[in-house]
Amino acid sequence: ETPPDAPGSVMVHTRLMSVPDALLDRLGLQALRAETAVNEGPIIFEAAQFATLFKTMEQTDGTDLLSTPRVLTANGQAAKIAVTQAQPDGTSTGPVIHFTPTLDATGANVRLEVNLELALPAAKQP
């Protein structure tokens with residue numbers, strides 16, 4: 001959203017969800033699976049598609065809302081949201097979302113470039 005009290009800024013709201021693989025398959029979003037290396041190009045959504053996507057996810061059994069972090073950043077300014085947990089070996093696990101919002105000339109529409117990372121726990125050695 002573009003807050004009226006902060007012109008030239010963008011408030012990014014996120015929803016981190018655990019979604020069943022069957023739902024991702026049904027929606028054609030297999031590339032969003034945690035174990036999939038995604039370098040297949042951008043996935044583009046319009047605002048209305050997001051609303052439908054979230055409504056479907058929220059109404060599907062097995063989908064869990066894990067966190068809803070948000071951050072305010074300036075137009076064109078890179079930012080990130082990280083919901084991570086420190087591990088005993090000094091690493092962190094969890095999702096990190098890097099994004100850069102760009103407002104159009106009217107200031108009413110936002111293009112959001114997003115890069116997602118998911119650090120998983122290291123496999124235990126025998």
Side-chain angles (χ1 to χ4, degrees):
E1 78 183 84
T2 54
D5 59 338
S9 296
V10 177
M11 176 69 73
V12 177
H13 299 263
T14 63
R15 294 182 197 171
L16 301 175
M17 305 171 96
S18 173
V19 180
D21 286 345
L23 179 59
L24 293 176
D25 292 342
R26 188 177 67 167
L27 297 172
L29 298 172
Q30 298 86 346
L32 296 180
R33 289 185 179 177
E35 70 275 2
T36 304
V38 180
N39 286 322
E40 302 172 5
I43 299 173
I44 299 172
F45 293 101
E46 297 293 328
Q49 290 173 305
F50 265 124
T52 301
L53 178 65
F54 286 127
K55 184 176 180 181
T56 300
M57 288 180 175
E58 290 169 350
Q59 293 175 346
T60 301
D61 287 338
T63 299
D64 294 314
L65 180 62
L66 306 173
S67 182
T68 58
R70 63 185 178 165
V71 66
L72 180 69
T73 190
N75 178 36
Q77 178 68 45
K80 77 176 180 180
I81 292 174
V83 182
T84 58
Q85 183 174 19
Q87 299 300 306
D89 64 2
T91 62
S92 293
T93 58
V96 179
I97 306 165
H98 300 269
F99 59 89
T100 304
T102 305
L103 293 168
D104 69 2
T106 68
N109 296 300
V110 179
R111 179 178 189 272
L112 194 60
E113 187 174 320
V114 180
N115 181 348
L116 305 172
E117 297 175 19
L118 180 59
L120 300 172
K124 293 184 179 182
Q125 300 298 320

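It should be emphasised that the depicted structure is a prediction, and the values quoted were computed from it without experimental measurement.
In this structure, Leu65 and Glu58 have side chains that are not in contact, with every pair of non-hydrogen atoms separated by 4.5 Å or more. Thr102 places a side-chain heavy atom less than 4.5 Å from the side chain of Asn75. Between Leu16 and Ile97 there is a side-chain heavy-atom pair separated by less than 4.5 Å.
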Carefully, step by step, assess Val110 and Val12 under the rule side chain to side chain contact (heavy atoms under 4.5 Å, CB included).
CA-CA 10 Å; Val110 179; Val12 177; over 6 Å; no

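Heavy-atom minimum distance, Pro95 versus Thr84: O-CG2, 3.9 Å. When every heavy atom of Leu27 is checked against every heavy atom of Met57, the shortest pair comes out as CD1-CE, 4.5 Å. Across every non-hydrogen atom of Asp5 and Pro7, the tightest pair is C-CD, 3.6 Å. The minimum heavy-atom distance between Arg26 and Thr60, with the atom names listed, is NH2-OG1, 3.9 Å. Nearest heavy atom pair, residue Gly94 against residue Leu118, reads C-CD1, 3.6 Å.
Atom-to-atom distance recorded for Leu53:CG and Arg15:CZ is 9.5 Å, nearest 0.5 angstrom. We find the OG1-NE2 distance between Thr68 and His13 to be 9.5 Å, quoted to the nearest 0.5 Å.
Linking ILVMFWY side-chain heavy atoms closer than 4.5 Å, directly or via other members, places Val114 and Val83 in a single hydrophobic cluster.
Under a cut-off of 6.0 angstrom, the local environment of CD in Glu113 is sparse, with at most 12 non-hydrogen atoms contributed by other residues, nucleotides or ligands.
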